[in-house]
Amino acid sequence: QVQLVESGGGLVQAGGSLRLSCAASIRTFSTTDMGWFRQAPGKAREFVAAIKWRDDNTYYADSVKGRFAISRDNAKNTLFLQMNSLAPEDTAIYYCAGTREGYNSGNYYYAPSTYDYWGQGTQVTVSS
C-alpha cells in the first residue's frame, strides 16, 4: 500500500523559509514523477512544483518560481520542497503527490489528475 506523508509545515513570518518533506512508501520511488500542490481555503487545489524521474527536470508555478525549489532523495524515498521568501498568499495546505511506476507525466505534470497517490497534507501559514 502506497503512503505519502508530508511534514515540515508550520507558522512562519513573511519573508521566512520552510522546508517540506514527503516520505514515500513507494517501492519504485526512483521511477515516479512527483509533485507538490497546495490548496487555500475556498480555492481549488493548485500546482506548485514537479520533478520528473527520467531526467530530474523540475517545473514550477509562476507564483513560486525563484522562491521555491523541489528536490528528491531516491535513496531515502523522500521528496522535498524548499520554500523561501514566503508571503501570506503562500498560506495553504501543501500536498505531495506521485504518479504510478514508470509513468511519464509529459506536459501534464501540473494537473492533479495526473497523480495516483496523495499525502494527507501539511499546513503552511505565513503571517504578515
Side-chain angles (χ1 to χ4, degrees):
Q1 182 179 357
V2 172
Q3 278 193 314
L4 301 178
V5 180
E6 302 96 336
S7 61
L11 174 64
V12 64
Q13 288 189 329
S17 298
L18 283 174
R19 189 190 196 205
L20 304 184
S21 298
C22 173
S25 64
I26 300 177
R27 183 177 57 86
T28 55
F29 179 78
S30 61
T31 60
T32 301
D33 285 354
M34 299 294 296
W36 287 98
F37 290 77
R38 66 187 182 186
Q39 188 166 17
K43 294 188 176 181
R45 189 168 298 190
E46 66 172 0
F47 168 74
V48 175
I51 184 167
K52 294 193 174 183
W53 68 270
R54 287 182 181 271
D55 49 21
D56 271 349
N57 278 354
T58 57
Y59 305 85
Y60 298 93
D62 287 344
S63 59
V64 306
K65 203 169 292 183
R67 300 188 298 124
F68 290 12
I70 188 172
S71 61
R72 64 194 299 162
D73 184 339
N74 289 337
K76 297 183 178 180
N77 277 25
T78 304
L79 180 73
F80 301 100
L81 184 69
Q82 178 67 43
M83 305 186 295
N84 300 325
S85 301
L86 284 161
E89 50 266 35
D90 295 316
T91 294
I93 299 174
Y94 283 71
Y95 300 89
C96 74
T99 65
R100 60 186 182 275
E101 174 191 6
Y103 181 73
N104 182 3
S105 57
N107 292 327
Y108 298 97
Y109 54 83
Y110 61 89
S113 60
T114 293
Y115 298 85
D116 298 280
Y117 310 117
W118 291 84
Q120 82 291 345
T122 185
Q123 177 71 48
V124 171
T125 303
V126 185
S127 63
S128 56

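Worth knowing before you read on, the calculation uses all heavy atoms, side chains too, and leaves out hydrogens, waters and symmetry mates. This one's a predicted model, so the numbers in the text were calculated from it and none came from an experiment.
Linking ILVMFWY side-chain heavy atoms closer than 4.5 Å, directly or via other members, places W36 and V64 in a single hydrophobic cluster. Cluster membership check: W118 does not share its hydrophobic cluster with M34, using side-chain heavy-atom separations under 4.5 Å among Ile, Leu, Val, Met, Phe, Trp and Tyr. Side-chain heavy atoms closer than 4.5 Å link hydrophobic residues (I, L, V, M, F, W, Y) into clusters, and following such links, even through other members, never connects Y115 to I70. Taking hydrophobic clusters as Ile, Leu, Val, Met, Phe, Trp and Tyr residues chained together by side-chain heavy-atom distances below 4.5 Å, I93 shares a cluster with F47.
The shortest side-chain heavy-atom distance between T32 and W53 does not fall under the 4.5 Å cut-off. Within the 4.5 Å cutoff, the side chain of Y103 has heavy atoms near those of the T114 side chain. Taking the side chain as every heavy atom from C-beta outward, I26 and L4 approach each other to under 4.5 Å. Taking 4.5 Å as the limit, every side-chain heavy atom of F68 sits out of range of all side-chain heavy atoms of L18. Counting heavy atoms from C-beta on, the side chains of V124 and M83 come closer than 4.5 Å.
We find the NZ-OG1 distance between K52 and T31 to be 14.5 Å, quoted to the nearest 0.5 Å. A distance of 4.5 Å separates CG of D56 from CD1 of I51, quoted to the nearest 0.5 Å. Residue C96 holds its SG atom at 4.0 Å from CD of E6, rounded to the nearest 0.5 Å. The distance from the CG atom of L20 to the CZ atom of F80 is 11.0 Å, given to the nearest 0.5 Å. Taking CG from L81 and OG from S21, the interatomic distance works out to 9.5 Å, rounded to the nearest 0.5 Å. How far OG1 of T58 is from CZ of R72: 11.5 Å, rounded to the nearest 0.5 Å.
A parallel orientation is assigned to the rings of Y109 and Y59, their planes being inclined by less than 30° (bins at 30° and 60°). By the 30° and 60° cut-offs, the orientation of the rings of Y108 relative to Y110 is tilted.
Heavy-atom minimum distance, S128 versus P88: CB-CG, 3.8 Å. The minimum heavy-atom distance linking G119 with Y95 is given by the pair O-CD2, 3.5 Å. Pairing each heavy atom of A92 with each of A40, the nearest pair is CB-N, 3.8 Å. Annotation for S85 and S17: closest pair N-OG, 4.3 Å, computed over non-hydrogen atoms.
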- Start with the C-alpha distance between S63 and R38, add both sets of side-chain angles, then the distance that settles side chain to side chain contact (heavy atoms under 4.5 Å, CB included), and finish with yes or no. CA-CA 12 Å; S63 59; R38 66 187 182 186; 3.5 Å; yes
- Message: Please determine whether side chain to side chain contact (heavy atoms under 4.5 Å, CB included) holds for the pair R67 and Y60, giving the CA-CA distance in whole Å, both sets of side-chain angles, and the decisive distance to 0.1 Å.
- Response: CA-CA 10 Å; R67 300 188 298 124; Y60 298 93; over 6 Å; no
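Counting only distance, with no hydrogens or angles, the side chain of R27 and the backbone of E101 share no donor-acceptor pair below 3.5 Å. Without hydrogens or angle criteria, D116 side chain to R100 main chain gives a donor-acceptor distance under 3.5 Å. A donor-acceptor distance shorter than 3.5 angstrom exists from the side chain of T91 to the backbone of V126, with no hydrogens or angles considered. Side-chain N or O atoms of N77 include none that pairs as donor or acceptor with a backbone N or O of S25 at under 3.5 Å.
Heavy atoms of other residues, nucleotides or ligands lying less than 6.0 angstrom from CG of D55 number more than 12. Counted within 6.0 Å of NZ on K43, heavy atoms from surrounding residues, nucleotides or ligands total 12 or fewer; the atom is thus considered open.
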